[in-house]
Undergrad: 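Structure below; questions to follow.
Keep in mind it's a predicted model, so treat the numbers as computed, not measured. Order of the sequence lines sets the chain letters (A, B, ...), proteins ahead of strands, with each chain counted from 1.
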Protein chains: 2
Amino acid sequence: MSSSKPTTSPVSVPEAVVNRLSMYLRELQHVVAAGKPTTSSSQLGRRLGFTDAQVRKDLAHFGHFGHPGIGYRCQELIDAIRCILGTDRQWKVALVGVGNLGRALLGYRGFDPQGFEIVAAFDAELSKVGNEIESVPIYDIARLREVVSAKQVELGMVAVPAEHAQAVADQLVEAGVTGIVNFAPVTLKVPEGISKVGVDLARELEQVTFAVANRLRSAEHGAELDQTEATKTGS
Amino acid sequence: MSSSKPTTSPVSVPEAVVNRLSMYLRELQHVVAAGKPTTSSSQLGRRLGFTDAQVRKDLAHFGHFGHPGIGYRCQELIDAIRCILGTDRQWKVALVGVGNLGRALLGYRGFDPQGFEIVAAFDAELSKVGNEIESVPIYDIARLREVVSAKQVELGMVAVPAEHAQAVADQLVEAGVTGIVNFAPVTLKVPEGISKVGVDLARELEQVTFAVANRLRSAEHGAELDQTEATKTGS
DNA sequence: TACTGTGAACAATTTCACAGCA
DNA sequence: TGCTGTGAAATTGTTCACAGTA
């Protein structure tokens, strides 16, 4: 039992595990940045709010990465997780919608180091077309299919108004992307075999207000032994 | 039986249920916008990718909202869910960090209709201070405590670089906010009783690449009967 | 000693299936 | 008939506790 390459065919991994895998990765990067070469399931768990057993079980889905008596060598585990997540290589991403949010995504410094490169942006407003933002060229959305194919873009980010999101997603799929991150507050329909994730900013806030409102309710109400903690995803 | 006010003290609701509640709300708003006065658990479920039983069970945590034989009256259920989530009133929000992402958040049109109003923004860069963006005034971050207290801000959004996020969160808590949405890729520590949610853009992309990479692996590999669908949160 | 990996126990969540109301 | 609400069953996920390795 010692380090090894990730199991090639994970057969069926709960989505929650994949979520936590990303968190472990981020945390490991912080540990490395702090100069520590190794860490342990309990340390990792403590920092993220999980039990040590959970951390070990999660990682065990993919292989044997730990060293008994030692813990995990950070760089080793980072490499393994990136391999599992598929970010051991660079992914080409297209952004559709160069509004406020789109521009923010173009300027976001966190993508490149994690393996994502925005190689093209699209907008329907012709005054934006032809410019570059953060050295990403902006194309007429009418050319989406052509450009996405030509540049071999694999992932799409949808940052257009809700009413156009489905149409944009359809075009992205048509053009050959295999995964979509959607920032519009609608539920996209995508064909089987295309992955998608939705990020809805108002919904994130609602998760917080629920916890707050709930706390207020129990407080004024009469001290139920209620304990709803809204520590959803880490961070 | 029939409609009623949400149960006041939900005692203990799984976080996943709260997440879905937000999705039901969004979906119901779309149904209303389409002119339909009622919907059903199966319709709602189909649109979001859940079973009808799940929808009913989720809602049953909070009261009896449905009408046997009819389904759910959309507006009624919308009102009930907003009440449960605490967004039946307006929440005052402070934004810290007026970079690319911060500006996008200031310009985001989706907050107001869902009950969120950004009433103040803060930045350390003094050239930004004193201006308004989207008619939100930008203050020196040194005045965070003072302004947040004075304006009775309840929620904070952290959109500063990772290395400053914890310090900013500490100040927000000090100043009296009860909930935080964090956009920096770090795990914040907040005191018991403060709610937080983390949004990490690179992590969202990783959820997608995992699914894609996984699909590629099984494909080239040898057709395991693997079925990993990355249809995380809806959208 | 300090830690991992893991079967077995436990807990939570989801689905099923059906009674009951409009 | 069409739909909800809900116990009971099935499934999934988490924690415990310990054998085993460095």
Side-chain angles (χ1 to χ4, degrees), chain A residues 1-4 6-7 10-21 23-24 28 31 36-46 48-74 76-77 80-81 227-229 231-233, chain B residues 1-4 6-7 10-21 23-24 28 31 36-46 48-74 76-77 80-81 226-229 231-232:
Chain A
M1 315 307 135
S2 131
S3 81
S4 69
T7 301
V11 183
S12 169
V13 181
E15 173 190 310
V17 173
V18 183
N19 246 288
R20 287 192 297 264
L21 222 49
M23 298 188 204
Y24 301 148
L28 284 161
V31 174
K36 307 261 178 193
T38 68
T39 183
S40 66
S41 57
S42 43
Q43 181 173 130
L44 231 33
R46 186 157 7 89
L48 289 162
F50 309 136
T51 66
D52 55 338
Q54 170 114 76
V55 175
R56 294 199 298 276
K57 262 277 157 68
D58 283 348
L59 296 174
H61 274 97
F62 304 99
H64 297 211
F65 307 114
H67 304 271
I70 306 292
Y72 299 90
R73 295 202 228 286
C74 295
E76 205 172 274
L77 188 51
I81 293 179
Q227 206 63 315
T228 312
E229 255 305 306
T231 308
K232 185 202 150 178
T233 170
Chain B
M1 307 305 165
S2 126
S3 81
S4 69
T7 300
V11 183
S12 169
V13 180
E15 174 188 309
V17 173
V18 183
N19 245 290
R20 288 193 295 265
L21 222 48
M23 299 188 203
Y24 301 148
L28 284 160
V31 174
K36 306 263 179 191
T38 68
T39 183
S40 66
S41 57
S42 43
Q43 181 174 132
L44 231 33
R46 185 159 6 89
L48 288 163
F50 310 135
T51 65
D52 55 338
Q54 171 115 77
V55 175
R56 293 198 298 276
K57 262 274 157 72
D58 283 347
L59 295 174
H61 274 97
F62 305 98
H64 299 211
F65 307 113
H67 304 271
I70 306 291
Y72 300 90
R73 295 201 228 287
C74 295
E76 205 172 274
L77 188 50
I81 293 179
D226 178 71
Q227 206 65 313
T228 311
E229 256 305 307
T231 307
K232 185 198 150 177

Undergrad: Could you tell me the separation between the CZ atom of Arg20(B) and the P atom of dT15(C), rounded to a whole number of Å?
TA: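 In whole Å, dT15(C) P lies 8 Å from Arg20(B) CZ.
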Undergrad: Once rounded to the nearest 0.5 Å, what's the spacing between atom CZ of Arg56(B) and atom NE2 of His61(B)?
TA: 14.5 Å
Undergrad: Using a cut-off of less than 4.0 Å, is there contact between a side-chain N or O of Tyr72(A) and OP1 or OP2 of dG5(C)?
TA: yes
Undergrad: Using heavy-atom distances to pick each residue's nearest nucleotide on DNA chain D, tell me which of Thr39(B) and Ala16(A) is more 5'.
TA: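 Result of the comparison: Thr39(B).
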Undergrad: Give me the atom names and distance for the closest heavy-atom approach of Val17(A) to Phe62(A).
TA: CG1-CE1, 4.0 Å
Undergrad: Reckon Ser41(A) touches a base, only the sugar-phosphate, or nothing at all at heavy-atom distances under 4.0 Å?
TA: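 If one applies the 4.0 Å heavy-atom cut-off, Ser41(A) turns out to touch the sugar-phosphate alone, with no base involved.
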Undergrad: Mind calculating the distance between NE2 (His67(B)) and C1' (dT1(D)) to the nearest angstrom?
TA: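 Distance, rounded to whole Å: 18 Å.
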Undergrad: Leu77(A) CG to dT4(C) P: how many Å, rounded?
TA: 11 Å
Undergrad: Given that Gly71(A) and Ile70(B) both sit by DNA chain C, which one's nearest nucleotide is further toward the 5' end?
TA: Gly71(A)
Undergrad: What is the distance, rounded to the nearest whole Å, between atom CZ of Arg56(A) and atom P of dG13(D)?
TA: 19 Å
Undergrad: Can you tell me how far the NZ atom of Lys57(B) sits from the OG1 atom of Thr51(B), to the nearest 0.5 Å?
TA: 10.0 Å
Undergrad: Rounded to the nearest 0.5 Å, how far apart are OG of Ser40(B) and NE2 of His67(B)?
TA: 13.0 Å
Undergrad: Counting side-chain heavy atoms from CB outward, which of dG5(D), dG5(C), dC3(D) is closest to His64(A)?
TA: dG5(C)
Undergrad: Taking atom C1' of dG13(D) as reference, at what distance in whole Å does atom CD of Glu15(A) sit?
TA: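 The distance from CD of Glu15(A) to C1' of dG13(D) comes to 13 Å, rounded to the nearest Å.
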Undergrad: What N/O pairs connect the protein and nucleotides 8-10 of chain C at under 3.5 Å? Give each pair on its own line.
TA:
from	atom 1	to	atom 2	distance (Å)
dA8(C)	N6	Lys57(A)	NZ	3.4

Undergrad: side-chain contact (heavy atoms from CB on, under 4.5 Å) for Tyr72(B) and Leu59(B)? Distances and angles first, verdict last.
TA: CA-CA 11 Å; Tyr72(B) 300 90; Leu59(B) 295 174; 3.7 Å; yes
Undergrad: Between dG5(C) atom P and Leu44(A) atom CG, what is the distance in whole Å?
TA: 12 Å
Undergrad: Give the rounded distance in Å between these two atoms: CG of Asp58(B) and P of dG5(D).
TA: 12 Å
Undergrad: What is the distance, rounded to the nearest whole Å, between atom CD of Gln54(B) and atom C1' of dT11(D)?
TA: 13 Å
Undergrad: Would you compute the distance between atom CD1 of Ile70(B) and atom OG1 of Thr39(B) and round it to the nearest 0.5 angstrom?
TA: 12.5 Å
Undergrad: Taking only the side-chain heavy atoms of Ala53(B) (C-beta and beyond), determine which of dT15(D), dG5(D), dC16(C) contains the nearest atom.
TA: dC16(C)
Undergrad: What I'd like to find out is whether the side chain of Leu48(B) reaches to under 4.5 Å of the side chain of Tyr24(B), using heavy atoms alone.
TA: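 Yes, close enough: below the 4.5 Å cut-off.
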Undergrad: With a 4.0 Å cutoff (strictly under), does any side-chain N or O of Thr51(A) reach OP1 or OP2 of dT15(D)?
TA: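 Yes.
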